Enquirer: 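Handing you this structure, nothing more for now.
For clarity, every value in this text was computed on a predicted model and none was experimentally measured.
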Amino acid sequence: LVADMFETMYAAEGVGLAAQQVGLSLRLFVMDCEGIKLVAANPEIVSAEGEQDGEEGCLSVGKIHAPLRRASRVRLRAQDQHGDLYEREATGLAARCFLHETDHNDGTLFIDRLTPLKREMVRKRFQKMKKWR
């Protein structure tokens, strides 16, 4: 499963992929971002501090991006593919990825964190993109 998820993520040119995005009801994600490649089962955010602004996108909403403020330093606790518990800290884009993929495991998309106006703009762009396919 993990190998298939990495393959799917790379094929989509993503940096992270949650099990929910491939139709599986598991608390699991894979990521390969800024030199951090990992498998995170049962992920939880232990700490998040600071702020960073950046463009965020999601394989679930096509190639549409939107600006979103996230924590700049994040500590993740999870289990690896063997069930061993670990903690990992990240900054920058990798910290954003920890938060984004853990959100998927909690049933939240990045667009849910946008203001209502920005969320509506993303929804309209997504609908327009779907019509052109």
Enquirer: Is it the case that over 12 heavy atoms from other parts of the model lie below 6.0 angstrom from the CD atom of E55?
Expert: yes
Enquirer: Show your reasoning for whether side chain to side chain contact (heavy atoms under 4.5 Å, CB included) applies to V61 and R125.
Expert: CA-CA 10 Å; V61 292; R125 285 190 308 211; over 6 Å; no
Enquirer: Using a 4.5 Å cut-off between side-chain heavy atoms of Ile, Leu, Val, Met, Phe, Trp and Tyr, which other residues end up in the same hydrophobic cluster as M121?
Expert: L117
Enquirer: Using modelled atom types and a 3.5 Å cut-off, is there a donor and acceptor pairing between side-chain atoms of S72 and backbone atoms of E49?
Expert: yes
Enquirer: Here's a test for you: under side chain to side chain contact (heavy atoms under 4.5 Å, CB included), which of V15, V74, L68 qualifies with R96?
Expert: L68
Enquirer: Closest heavy-atom contact between R69 and D53?
Expert: NE-OD1, 2.8 Å
Enquirer: Can you list the residues that meet the side chain to side chain contact (heavy atoms under 4.5 Å, CB included) rule with S60, with sequence neighbours excluded?
Expert: Q21, C58, H104, L109
Enquirer: Distance from R77 atom CZ to E44 atom CD, nearest 0.5 Å?
Expert: 4.5 Å
Enquirer: Tell me whether V122 shares a hydrophobic cluster with L59, the cluster being built from Ile, Leu, Val, Met, Phe, Trp, Tyr side chains joined at under 4.5 Å.
Expert: no
Enquirer: If you count every heavy atom of other residues, nucleotides or ligands that lies below 6.0 Å from E87 atom CD, does the total exceed 12?
Expert: yes
Enquirer: If you take all heavy atoms of A71 and A95, which pair is closest and at what distance?
Expert: O-CB, 4.2 Å
Enquirer: Can you tell me how far the CG atom of D103 sits from the CZ atom of R113, to the nearest 0.5 Å?
Expert: 4.0 Å
Enquirer: Find out if a path of hydrophobic residues (ILVMFWY) with successive side-chain heavy-atom gaps under 4.5 Å connects F6 to Y86.
Expert: no
Enquirer: Find the distance between CG (D4) and CE (M9) and round it off to the nearest 0.5 Å.
Expert: 12.5 Å
Enquirer: Rounded to the nearest 0.5 Å, how far apart are CZ of R123 and CD of Q127?
Expert: 5.5 Å
Enquirer: Just verifying a value: how many Å separate Q20 CD and E101 CD, rounded to the nearest 0.5 Å?
Expert: 9.0 Å
Enquirer: When rounded to the nearest 0.5 angstrom, what is the spacing between CD in Q52 and CZ in R70?
Expert: 9.0 Å
Enquirer: Under a 4.5 Å side-chain heavy-atom rule over Ile, Leu, Val, Met, Phe, Trp and Tyr, are L76 and V46 clustered together?
Expert: no
Enquirer: Which atom pair, heavy atoms only, marks the closest approach of L114 to A66?
Expert: CD1-CB, 4.0 Å
Enquirer: Looking at every non-hydrogen atom in both residues, tell me the closest pair between R119 and D112 and how far apart they are.
Expert: NH1-O, 3.4 Å
Enquirer: Please tabulate, for the side chains in residues 22-40, all donor-acceptor contacts under 3.5 angstrom to protein atoms that are two or more places apart in sequence or on a different chain.
Expert:
residue, atom, partner, partner atom, Å
R27, NH1, N105, O, 2.8
R27, NH1, D106, OD1, 2.9
R27, NH2, P43, O, 2.7
D32, OD2, Y10, OH, 2.5
E34, OE1, L93, N, 3.4
E34, OE1, A94, N, 3.3

